[in-house]
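This structure is a prediction, so every number in the text was calculated from the model and none was measured.
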Amino acid sequence: MRKEFDIISYGDYEPILEEHEDIFAYIRTYKNEKLLVINNFYGKETIFKLPSQLNFDEYESNILISNYSNSSNEFKKIKLRPYESIVYHIEK
């Protein structure tokens, strides 16, 4: 994937939801692209809610990779299943 998507190797890293007890999430930015990486490292469901200061309304998104075959395409608010990890590729 690194050869296909430069953003994986290059770009700025910004942690989000640092105070959330169950979720490790961050945004990687490179040129007009973003990766939204969301991880639930625990054996229980939890809710991810995109912080309001992050506005991706003008962007198109798709799931780049997930460990569940039916993860939600809607990334603004997600009920993460146990141990679910999703990477969204977001671009203008």
Side-chain angles (χ1 to χ4, degrees):
M1 283 188 157
R2 286 193 329 244
K3 291 181 181 183
E4 184 178 349
F5 297 96
D6 287 339
I7 190 170
I8 294 173
S9 299
Y10 306 105
D12 298 326
Y13 165 88
E14 177 187 352
I16 59 174
L17 301 179
E18 291 181 279
E19 302 299 319
H20 200 291
E21 294 180 5
D22 299 327
I23 294 175
F24 173 70
Y26 64 91
I27 294 175
R28 193 165 188 101
T29 304
Y30 182 69
K31 298 183 180 178
N32 288 328
E33 295 178 89
K34 296 185 183 296
L35 289 181
L36 173 59
V37 180
I38 306 167
N39 301 284
N40 175 10
F41 290 137
Y42 296 93
K44 62 181 181 176
E45 289 184 347
T46 190
I47 300 294
F48 169 84
K49 186 173 179 189
L50 188 70
S52 59
Q53 71 268 21
L54 298 174
N55 184 352
F56 296 142
D57 290 341
E58 296 180 19
Y59 289 80
E60 304 261 334
S61 69
N62 63 311
I63 295 174
L64 189 60
I65 191 169
S66 175
N67 63 335
Y68 279 81
S69 63
N70 59 345
S71 291
S72 174
N73 287 317
E74 174 56 49
F75 59 82
K76 292 182 181 176
K77 186 174 181 183
I78 307 167
K79 182 188 288 186
L80 292 170
R81 293 166 282 192
Y83 307 106
E84 186 168 17
S85 293
I86 311 169
V87 178
Y88 294 93
H89 182 239
I90 304 167
E91 63 184 332
K92 282 192 177 184

I'd like to check [X] versus [Y] (side-chain heavy atoms, cut-off strictly below 4.5 Å). Are they in contact?
X   : Y   : result
K44 : P82 : no
F41 : F24 : yes
M1  : I8  : yes
L17 : P51 : yes
I27 : I16 : yes
N39 : L80 : no
I47 : I78 : no
V37 : R28 : no

Using residues 55-63 as the side-chain source, report each donor-acceptor pair under 3.5 Å to any protein atom, sequence neighbours left out, with the distance given to one decimal.
residue: N55; atom: OD1; partner: D57; partner atom: N; Å: 2.9
residue: D57; atom: OD1; partner: K76; partner atom: NZ; Å: 2.7

Pairing residues for [X] by the ring-ring contact (aromatic ring centres under 6.0 Å, His included) criterion, not counting sequence neighbours:
X   : value
Y42 : none
Y30 : Y10
Y88 : F75

Which side-chain hydrogen bond (donor to acceptor under 3.5 Å, both in side chains) pairs, counting each pair once, include a residue from residues 64-73, with sequence neighbours left out?
->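 Only S66-S71, N70-R81, S71-E84 qualify under side-chain hydrogen bond (donor to acceptor under 3.5 Å, both in side chains).
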
ILVMFWY cluster, [X] and [Y] together (side-chain gap under 4.5 Å):
X   : Y   : result
L64 : Y83 : no
I38 : L54 : yes
I90 : I7  : no
L35 : F5  : yes

Hits for salt bridge (charged side-chain N to carboxylate O under 4.0 Å, His left out) against D6, two or more places apart or cross-chain, chain-then-number order -> none

Only counting residues at least two apart or in another chain, list the ones meeting salt bridge (charged side-chain N to carboxylate O under 4.0 Å, His left out) with K77.
-> none

Minimum heavy-atom separation for H20 to D22, with atom names?
-> ND1-N, 3.0 Å

Locate the shortest heavy-atom distance separating A25 from F48; write the atom from each residue and the value.
->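 Smallest interatomic distance, heavy atoms only, reads CB-CE1, 4.2 Å.
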
Tell me, please, which residues at least two apart from K49 pass side-chain contact (heavy atoms from CB on, under 4.5 Å).
->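 Listed in chain order: nothing, the list is empty.
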
Of all pairs that satisfy salt bridge (charged side-chain N to carboxylate O under 4.0 Å, His left out), the ones with a partner from residues 8-18, not counting sequence neighbours = none

For E33, what residues pass the side-chain hydrogen bond (donor to acceptor under 3.5 Å, both in side chains) criterion, not counting sequence neighbours?
->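 E33 satisfies side-chain hydrogen bond (donor to acceptor under 3.5 Å, both in side chains) with H89 once adjacent residues are dropped.
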
